[in-house]
Amino acid sequence: MTNDISGFGLRARLIASRTFPAGITLTQLADDTDPLDLPEIVVAETAMGVNGDLLSWSKANPVVVVLAVIPNSEDDRNLGILLEANRVAKGKQGARDAITVTVVYPDGRTKTVSGGTITTGRPGQSVTSAGRMKSKPYTFAFEGLSGQ
C-alpha cells in the first residue's frame, strides 16, 4: 500500500473576529514557496548545572503558521485586507482581530489553531528576478492547537 502525501486539495478556513467574522476559505495557494508552513516550536529548554546535572524547564511559545497565496488572487486581497486592518500607525487603530484557522488536509484530517494574531505580511506586491510576481506569505501566531 502506498502513502499518498499529495497536498492537492489543501484548504484553510480563517475566522478573524472583527475583519472576517463569518470567515473566509483560502484555496489559492502559492506554487513557488511553501503554501503552508508550521515551523518547529521550542517546548522546553535545557542547561547543565555546575556539577553536570541536566536541568530542563517547559517554555510556552506561540504556534506559528505561514500561509502563502497566489499574488493578486482573491485570497491575497482578503489577507491583505486583514493585514492592513491589524496594522497600527499614527492616528490608525488596529482591528486587534482574534484569529482562528482550521487547515483541512486532502485526506480529511484537520488542524485548528486559535487565539491568534496576524504578525507579518507584505503590504505591497514584490516581483522576482524571473519577472513574475512573488507569492505573498502571511504569518500568524497562535496560542491554541488542536486536531490530528
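Excluded from the calculations below are hydrogen atoms, water molecules and symmetry mates; all remaining heavy atoms, backbone and side chain alike, are included. Just so you know, residue 1 is the first one in the sequence shown, and it goes up from there.
Across all their heavy atoms, Ala44 and Val42 have their closest contact at O-CG1, 3.3 Å. Closest approach of Gln125 and Lys134 over heavy atoms only: NE2-O, 2.9 Å. Looking at every heavy atom in both residues, Thr100 comes nearest to Gly115 through OG1-N, 4.4 Å. Across every non-hydrogen atom of Phe140 and Phe142, the tightest pair is CB-CE1, 3.2 Å. Listed here is the closest heavy atom pair of Ile15 and Pro21: CG2-O, 3.7 Å. The shortest heavy-atom contact between Ser135 and Thr33 is CB-CG2, 3.9 Å.
Rounding to the nearest 0.5 Å gives a distance of 9.5 Å between CG of Asp76 and CE of Met133. With rounding to the nearest 0.5 angstrom, the CG atom of Leu38 is 8.5 Å from the CG atom of Leu67. Put simply, OG1 on Thr117 and CG on Leu82 are 8.0 Å apart, with the number rounded to the nearest 0.5 Å. Note that CG of Leu83 and OG1 of Thr119 are 9.5 Å apart. Values are rounded to the nearest 0.5 Å. One finds the CG atom of Asn51 at 6.5 Å from the CG atom of Asp53 (value rounded to the nearest 0.5 Å). Annotation: the span from Lys111 atom NZ to Ser146 atom OG amounts to 8.0 Å, rounded to 0.5 Å.
A heavy-atom distance below 4.5 Å is not found between the side chains of Val64 and Ile41. Looking at Asn78 and Glu74, their side chains come closer than 4.5 Å, going by heavy atoms from C-beta outward. When side chains are defined from C-beta on, Leu36 counts as touching Val65, because their heavy atoms get closer than 4.5 Å. Here the side chains of Lys136 and Ser126 are not in contact, with every heavy-atom distance at 4.5 Å or above. Leu26 is listed as a side-chain neighbour of Leu79, based on a closest heavy-atom distance under 4.5 Å.
Residues Ile99 and Ile81 share a single hydrophobic cluster, defined by chaining ILVMFWY side chains whose heavy atoms lie under 4.5 Å apart. The hydrophobic cluster containing Leu14 also contains Tyr105, counting ILVMFWY residues as joined when their side-chain heavy atoms lie under 4.5 angstrom apart, directly or transitively.
Between the side chain of Gln28 and the main chain of Asp75, a donor-acceptor pair closer than 3.5 Å is present.
Side-chain polar atoms of Thr112 and Thr102 form a donor-acceptor pair below 3.5 angstrom.
Connectivity analysis of hydrophobic side chains (ILVMFWY, heavy atoms under 4.5 Å, direct or indirect) links Leu54 to Met48.
Listed by first and then second residue, the side-chain hydrogen bond (donor to acceptor under 3.5 Å, both in side chains) pairs that reach into residues 4-22 are Arg13-Thr25, Thr19-Asp97, sequence neighbours excluded.
Remark: Arg96 CZ is loosely packed, at most 12 non-hydrogen atoms of other residues, nucleotides or ligands lying under 6.0 Å away. Other residues, nucleotides and ligands place more than 12 heavy atoms under 6.0 Å from the NZ atom of Lys92.
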